[in-house]
There are 2 protein chains.
Amino acid sequence: MTQRGNDSASGRRARGRTTLRQVAGRAGVSEITVSRVMRGSPLVAPALAGRVRRVAAELGYVPNRLAGTLAGHASTQIAVILPALSNIVFAEVLKGLETGLEARGYHPILGISNYDAEHEADLIRSLLGWQPAGLVIATAGLTPQSRAMLTDAALPIVEIMDSDIDPIDMSVGISHRGAGAAMARHLVARGYRDIAFIGHDLSRDHRARARFAGLRAGLGRAGRALAPARLRLCPSSVALGCDMTRQILARHRPQVICFANDDMAIGGVFACIGAGLAIPRDIAVTGFNRLDIGQAMPAPLTTIDTRRHEIGRLAARHLIARLEGDDPPSHSDVGFVVIPGATS
Amino acid sequence: MTQRGNDSASGRRARGRTTLRQVAGRAGVSEITVSRVMRGSPLVAPALAGRVRRVAAELGYVPNRLAGTLAGHASTQIAVILPALSNIVFAEVLKGLETGLEARGYHPILGISNYDAEHEADLIRSLLGWQPAGLVIATAGLTPQSRAMLTDAALPIVEIMDSDIDPIDMSVGISHRGAGAAMARHLVARGYRDIAFIGHDLSRDHRARARFAGLRAGLGRAGRALAPARLRLCPSSVALGCDMTRQILARHRPQVICFANDDMAIGGVFACIGAGLAIPRDIAVTGFNRLDIGQAMPAPLTTIDTRRHEIGRLAARHLIARLEGDDPPSHSDVGFVVIPGATS
DNA sequence: GCACGGAATGACAGCGCTGTCAATGATCGC
DNA sequence: GCGATCATTGACAGCGCTGTCATTCCGTGC
């Protein structure tokens with residue numbers, strides 16, 4: 001652990017990483033042969049391949065994927081752009097994606113748009129600069145510019161979460177508008193009339209907005225009205241759901257409160273319990289997403305399963321299929337599932 | 001769609017992306033000048049720079065970062081390896097990291113080890129192949145091989161979450177053993193004697209194991225014993241906490257149950273409520289991590305804030321500092337905070 | 001009017017690897 | 001025994017960009 005030349009005081013930058021050439025020199029073969037061995041080509045005689053592998057291991061050789069990709073036109077990086085990570089939903093989608101990609105040797109490069117379409121455009125530009133083999137995106141609302149970049153880039157793209165779209169290339173998701181409508185049918189079937197809605201900042205989250213629109217339209221078709229929605233211009237959270245529920249209860253007790261998602265709904269349940277109300281006898285509550293925690297509550301939450309794990313899995317699968325020359329469907333609706341629960 | 005090579009039916013691979021040369025040709029300047037303009041070099045005359053920028057925009061030119069990095073030795077990718085993403089804790093750390101990195105033009109390449117040290121080693125190897133500028137890792141238990149690769153790689157490395165380690169390069173975290181001991185002091189101060197512990201698979205999660213060891217040791221020092229721990233060899237979850245709590249309650253009611261983390265503790269709270277027990281009168285409950293949801297419950301959970309957001313932020317900050325030639329501390333303990341709550 | 005210094009631009013080599021095709025032996029059929 | 005064939009191996013030219021000089025063109029001061 002002495003000088004070695006690298007480890008330049010502050011930088012600790014790696015100059016002097018072992019290269020193909022060094023392995024080749026030490027093994028007494030040409031660079032291309034080492035390259036073939038490292039990529040498992042059957043063109044190299046087994047004995048030679050063994051020797052080369054031994055030398056490579058000895059030298060701790062790690063192939064430079066940058067150079068390899070530049071020369072060979074075959075990146076194994078996949079750009080992944082999500083609107084947030086504070087909500088467990090996207091973390092689970094990302095988990096599903098990472099697992100599916102990693103299993104086939106692909107690596108995600110991550111960007112978080114914060115539900116900001118402009119920032120999303122910047123992310124698209126900079127991630128495309130890495131020449132990824134493909135791109136998976138849960139849109140924050142593609143700008144025309146973003147759309148143009150993606151179209152021009154001509155690489156496999158999966159737009160995830162929403163199936164009510166006309167995808168640039170492929171889509172995997174559910175119908176959020178349909179999910180809202182399904183919740184409306186559920187509420188109508190249960191006979192509720194005085195229905196309130198609590199949500200976070202829907203102006204940025206267009207999928208939550210679609211659910212809300214579907215809910216309102218569905219209720220309208222059944223002749224029920226939705227009380228004016230209560231929205232707070234901040235990200236969704238348990239605490240927010242709790243707080244806003246208390247506010248509503250302070251002036252009026254609706255028959256049911258629909259929350260924009262499970263996080264908020266769980267906060268709502270806590271607020272109702274705190275107010276001494278029995279659920280669903282005194283007041284009903286519904287959420288969206290089917291978080292595990294909502295189902296573990298003493299009274300499992302009425303909600304809609306968005307099958308996000310399946311979305312991540314399928315997105316990875318379709319992307320890889322396309323990369324391997326297959327022709328996966330350009331439009332996949334994984335279908336949501338209404339979970340009746342015990343809170344409505 | 002004639003020859004052009006690109007958009008080959010299935011592949012949709014981009015051959016024919018605009019290159020520096022094309023921009024240079026169209027603008028009537030040399031490649032290097034375009035390169036300078038794209039990187040904002042002051043060496044180019046403003047008028048010329050403007051013209052070049054216009055041409056680049058017209059052609060939708062996106063610099064190829066692979067080539068740039070290969071030629072210039074300055075990647076802006078940062079390898080990030082985490083043990084899981086199912087738990088919101090790591091998702092939040094990742095969010096903090098991404099934000100900090102993105103703001104300075106760096107992009108995370110993600111790997112999830114699933115608490116598997118062997119897989120972690122594979123991830124390290126393959127991510128290092130991208131010649132990242134730095135690496136952030138929440139260890140799943142570095143194998144000697146992993147350690148060697150990281151040492152040899154000679155790039156800035158931040159080991160996050162745990163501060164009770166001798167870092168390869170830098171560390172940012174808290175003392176998990178200390179946190180366990182702090183919880184022990186809290187319990188002793190409250191006068192509890194009959195203390196149970198419920199956890200998930202600690203064999204793989206060495207930080208949870210350290211907390212447990214700290215708790216047990218702390219209680220031991222105070223002359224209290226911990227009932228034999230109940231562990232289930234599966235990942236932690238709300239449902240698991242709920243289930244295991246029911247099992248314990250079926251045969252005996254301890255004064256307090258310590259859970260390996262908040263998720264499990266929340267499940268425990270639900271189980272106790274379901275069993276008609278009042279918290280903390282009939283039974284106390286403690287968690288770990290200080291999840292928002294635990295604090296939003298009618299009785300805020302007694303827990304320990306692990307300051308994970310701060311960990312992510314600081315890890316990004318120190319990494320970037322190092323990359324920019326500064327000399328950040330090699331060892332940062334962000335400190336945990338005991339949150340007394342109302343469940344103990 | 002002229003050498004000089006600085007600003008602006010370019011030529012060139014090469015980062016580490018892979019695609020392509022050529023070269024080398026070894027093997028084979030007749 | 002000899003050309004054809006196959007299995008191996010290598011030479012070479014780039015992928016698209018940037019570091020490092022070299023070059024050109026001014027305005028300056030004397």
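We name chains A, B, ... by the order of the sequence lines, and we start the count at 1 in each one.
Regarding B/Q22, its CD atom lies at a distance of 13 Å from the C1' atom of D/dC15, rounded to whole Å. In this structure, CG of A/L20 is placed 14 Å from P of D/dA11, rounded to the nearest angstrom. The separation between B/L48 atom CG and D/dC25 atom P is 15 Å, rounded to whole Å. Per the geometry, CD belonging to A/Q131 stands 16 Å off C1' belonging to C/dC17, to the nearest Å.
Between A/H318 and A/V172, some side-chain heavy-atom pair lies under the 4.5 Å cut-off. Using a 4.5 Å heavy-atom threshold, the side chains of B/S75 and A/W130 count as touching.
The shortest distance between the side-chain N/O atoms of B/T33 and the OP1/OP2 oxygens of C/dT9 is not below 4.0 Å. Side-chain N/O atoms of B/R39 include one lying less than 4.0 angstrom from OP1 or OP2 on D/dG19. Contact annotation: B/R17 does not reach the phosphate of D/dC17 (side-chain N/O to OP1 or OP2, under 4.0 Å).
Among D/dT9, C/dG10, C/dG16, the nucleotide with an atom closest to any side-chain atom of A/T19 is C/dG16.
Nearer to the 5' terminus of DNA chain C, by closest-nucleotide assignment, is the contact made by B/S30 (compared with the other of B/A71 and B/S30).
For the segment residues 58-70 of chain B, the set of residues with a heavy atom within less than 4.0 Å of an atom of DNA chain C comprises B/L70, in numerical order.
Between the CZ atom of B/R26 and the CG atom of B/L59 there is a distance of 5.0 Å, given to the nearest 0.5 Å.
In this model, no side-chain donor or acceptor of B/R36 finds a partner on the base of D/dG19 within 3.5 Å.
Screening B/V80, B/L97, B/L127 against B/L110 for a side-chain contact (heavy atoms from CB on, under 4.5 Å) leaves a single residue, B/V80.
In A/R125, the CZ atom is crowded: over 12 heavy atoms of neighbouring residues, nucleotides or ligands sit closer than 6.0 Å.
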